[in-house]
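Here the structure comes first, spelled out in structure tokens, and everything after it is commentary.
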Amino acid sequence: MIPIALKLAQGLSLYAIVNECEAQVFTLFGKVIGTLDDPGLCFPITHFGIRALFVPFFGKRYLVNTALRQYYLRSQMVNSEEGTPMGVGIWYEMRVTDPVAYLFANANPEGSLQANVASSTISTLSNLEMDKMLEDRHQLSRKVRAAVSPLSEKWGYQLGSVYIRKVAFTDRQMVDNITEKVVKRLVQVTSAMKQDGENRVGLIKSQTALKVSQQMAEAGATRPAIVGAALNAIAQQDSEVIHAVLEILETEQLIASHAPVTVVPTNLPILLAINEINQSIETTKMPKIHGLNQAGS
């Protein structure tokens, strides 16, 4: 009998159980007499007086869910500034803050909210540059929320977070064209990077060759200085030795040059020797190296 008595008492509005994230609106003769939104066991007669006893007979009790709700609107069609058709997905949150306005200010508050979010999204994103539409989603989402929030508060609910989740191209041919342009751009960038690398390698090689040639030139210039310093030191110590060294060097240079050599006797006058050598060359066609003995033959 206890469960039957409790059910009967609840039906007569002697008490009411309010759940979490829930509000109960009581009406009598078509007018709202009050709202219970504190979770737990409540007694309507203590809040609304004797009128609460007539609600089961001449009124009605409405249960309103005040929990946070999430919705997602897919493929809202917008056009960019360039005339490109694009589909936009909108994710948003809402919760009821005024149960009375939610019930009686709008016949379909959730559908109206979806329509307002969709229309605000289209009006905000239409005729925008494609780059801005793809990159500035956070700022555009805030604009959509600012446009919808004032009207939603009049209808008894509060709009939470709004986010543009997806921006997609609806024209398949345009997607293929953009993909082709991206591929060509990637190839161009790759070729430019490769050419830049080859130029850098060539520059490094030329700089290295320049430094090597400079070092070789410095090394080549150092050798004569060292040899000259050594010869000067030898000349200061012993002049005969330096003369012998110079004669040897001169003889080596003469032999290495393969030049014609004429040997003239030391006791014969130079002009006479040259005349006799010329006559011998004309008559006998002797080799380039001629020898004259002490008798002048």
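All figures in this text were calculated on a predicted structure; none of them were measured in a lab.
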Looking only at heavy atoms, what is the nearest atom pair of [X] and [Y], with distance?
X: Val64; Y: Tyr102; value: CG1-CD2, 3.9 Å
X: Pro44; Y: Ala16; value: CD-N, 4.0 Å
X: Thr66; Y: Glu22; value: OG1-N, 3.3 Å
X: Arg69; Y: Asn65; value: NH2-O, 2.7 Å

What's the separation between atom [atom1] in [X] and atom [atom2] in [Y], rounded to the nearest 0.5 Å?
X: Asp37; Y: Gln24; atom1: CG; atom2: CD; answer: 10.0 Å
X: Ser161; Y: Arg145; atom1: OG; atom2: CZ; answer: 7.0 Å
X: Cys42; Y: Ile17; atom1: SG; atom2: CD1; answer: 9.5 Å
X: Arg51; Y: Lys31; atom1: CZ; atom2: NZ; answer: 10.5 Å

Is it true that [X] and [Y] fall in one hydrophobic cluster, defined by side-chain heavy atoms closer than 4.5 Å?
X: Phe48; Y: Leu53; answer: yes
X: Leu68; Y: Tyr71; answer: no
X: Val18; Y: Phe26; answer: yes

For a 4.5 angstrom cut-off between non-hydrogen side-chain atoms, does [X] reach [Y]?
X: Arg61; Y: Val25; result: no
X: Val189; Y: Arg185; result: yes
X: Ile164; Y: Val88; result: yes
X: Leu113; Y: Met94; result: yes
X: Val55; Y: Ile33; result: yes
X: Val100; Y: Thr35; result: yes
X: Asn199; Y: Leu203; result: no
X: Arg95; Y: Tyr157; result: no

>> Does the plane of the ring in Phe29 sit parallel, tilted or perpendicular to the ring in Phe58? Use 30° and 60° as the thresholds.
In response: parallel
> Are the ring centres of Phe104 and Tyr62 closer than 6.0 Å?
Replying inline: yes
> Do Tyr163 and Tyr92 have ring centroids that are under 6.0 Å from one another?
Replying inline: no
> How would you list, by chain and number, every residue that makes a side-chain contact (heavy atoms from CB on, under 4.5 Å) with Ile255, sequence neighbours excluded?
Replying inline: Thr251
>> Surrounding CZ of Phe54 (heavy atoms of other residues, nucleotides or ligands, distance under 6.0 Å), is the total greater than 12?
In response: no
>> Taking CD in Glu20 as the centre, count heavy atoms belonging to other residues, nucleotides or ligands within less than 6.0 Å. Is the count above 12?
In response: no
